[in-house]
Amino acid sequence: MDIVKVFGSNVRKYRTLQGISQERFAEMCGLHRTYISAVECYRRSISLENIQRISDALGIKPYLLLIEEDDTNE
């Protein structure tokens, strides 16, 4: 498991499911859009504080962003 990829993919998945643009989402998190883009493109590791900001903005529990999706059930 590559946790950076799992996290970035989950952020993108939950953000797009809610129909939120990267720019709007960054505003909701109090982060810069390029930071969110780097997270979603697996180019940035992230602090626990920012994990909390992102999960709060998405309205989900932080641990959900760390769960690897099981491709065998799809």
Side-chain angles (χ1 to χ4, degrees):
M1 172 198 303
D2 182 340
I3 195 66
V4 174
K5 286 185 178 183
V6 169
F7 185 84
S9 295
N10 283 331
V11 170
R12 181 181 302 118
K13 175 181 79 174
Y14 286 109
R15 177 182 62 76
T16 56
L17 282 173
Q18 295 183 28
I20 305 169
S21 70
Q22 271 188 352
E23 186 172 0
R24 175 69 185 121
F25 184 61
E27 291 171 5
M28 292 167 63
C29 296
L31 300 168
H32 197 275
R33 187 202 57 79
T34 58
Y35 183 88
I36 297 298
S37 175
V39 168
E40 290 185 359
C41 292
Y42 326 126
R43 292 189 311 255
R44 180 175 282 279
S45 293
I46 188 165
S47 70
L48 291 174
E49 183 178 290
N50 287 342
I51 290 172
Q52 187 67 58
R53 286 177 166 199
I54 287 171
S55 67
D56 287 347
L58 290 169
I60 63 173
K61 301 280 186 189
Y63 78 90
L64 292 172
L65 296 171
L66 303 172
I67 297 175
E68 188 170 21
E69 200 171 283
D70 184 10
D71 293 332
T72 58
N73 294 331
E74 292 185 273

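Side-chain atoms are counted along with the backbone in the values below, which use heavy atoms only and exclude waters and symmetry mates.
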Rounded to the nearest 0.5 Å, the CZ atom of Arg44 sits from the CG atom of Asn50 at a distance of 9.0 Å

- request: For Gln18, look at atom CD and say whether over 12 heavy atoms of other residues, nucleotides or ligands are found less than 6.0 Å away.
  value: yes

Note: His32 and Thr34 closest approach over all heavy atoms is ND1-OG1, 2.8 Å

Residue set satisfying salt bridge (charged side-chain N to carboxylate O under 4.0 Å, His left out) with Arg24, at least two apart, ordered chain then number -> Glu27

- Query: Can you find a side-chain donor-acceptor pair between Asp2 and Tyr42 that sits under 3.5 Å?
  - Reply: no

### Task
Under the side chain to side chain contact (heavy atoms under 4.5 Å, CB included) rule, what do Lys5 and Glu68 come out as? Steps first, then yes or no, please.
CA-CA 9 Å; Lys5 286 185 178 183; Glu68 188 170 21; over 6 Å; no

Item to complete: Please check if the side chain of Arg15 supplies one atom and the backbone of Ile20 the other of a donor-acceptor pair under 3.5 Å.
Response: yes

To the nearest 0.5 Å, atom CD1 of Ile3 lies from atom CG of Leu66 at 4.5 Å

Report task. Kindly determine whether Leu58 and Leu65 satisfy side chain to side chain contact (heavy atoms under 4.5 Å, CB included), including the steps that lead there. Result -> CA-CA 10 Å; Leu58 290 169; Leu65 296 171; 4.0 Å; yes

query: Under the side chain to side chain contact (heavy atoms under 4.5 Å, CB included) criterion, do Val6 and Ile67 qualify, and how do the steps go?
result: CA-CA 7 Å; Val6 169; Ile67 297 175; 5.9 Å; no

With side chain to side chain contact (heavy atoms under 4.5 Å, CB included) as the test, would you mind laying out the steps for Lys13 and Leu17 before giving the verdict? CA-CA 6 Å; Lys13 175 181 79 174; Leu17 282 173; 4.0 Å; yes

- Query: Given side chains that start at C-beta, do those of Gln52 and Leu48 come closer than 4.5 Å, heavy atoms only?
  - Reply: no

Taken to the nearest 0.5 Å, the spacing of Phe7 CZ from Glu40 CD works out to 9.5 Å

The complete set of salt bridge (charged side-chain N to carboxylate O under 4.0 Å, His left out) pairs with one or both residues in residues 53-65, sequence neighbours excluded, reads none

- Pairwise side-chain contact, Ser37 with Arg43, heavy-atom cut-off 4.5 Å (strictly under): yes

### Query
Is a donor on one side and an acceptor on the other found under 3.5 Å between the side chain of Arg33 and the backbone of Gln22?
no

Using only heavy-atom distances, determine whether the side chains of Tyr14 and Ser55 contain a donor-acceptor pair under 3.5 Å. no

When every non-hydrogen atom of Tyr35 is compared with those of Ser45, the smallest separation belongs to OH-O, 4.1 Å

- Would you mind reporting whether Leu31 and Ile54 have side-chain heavy atoms less than 4.5 Å apart? yes

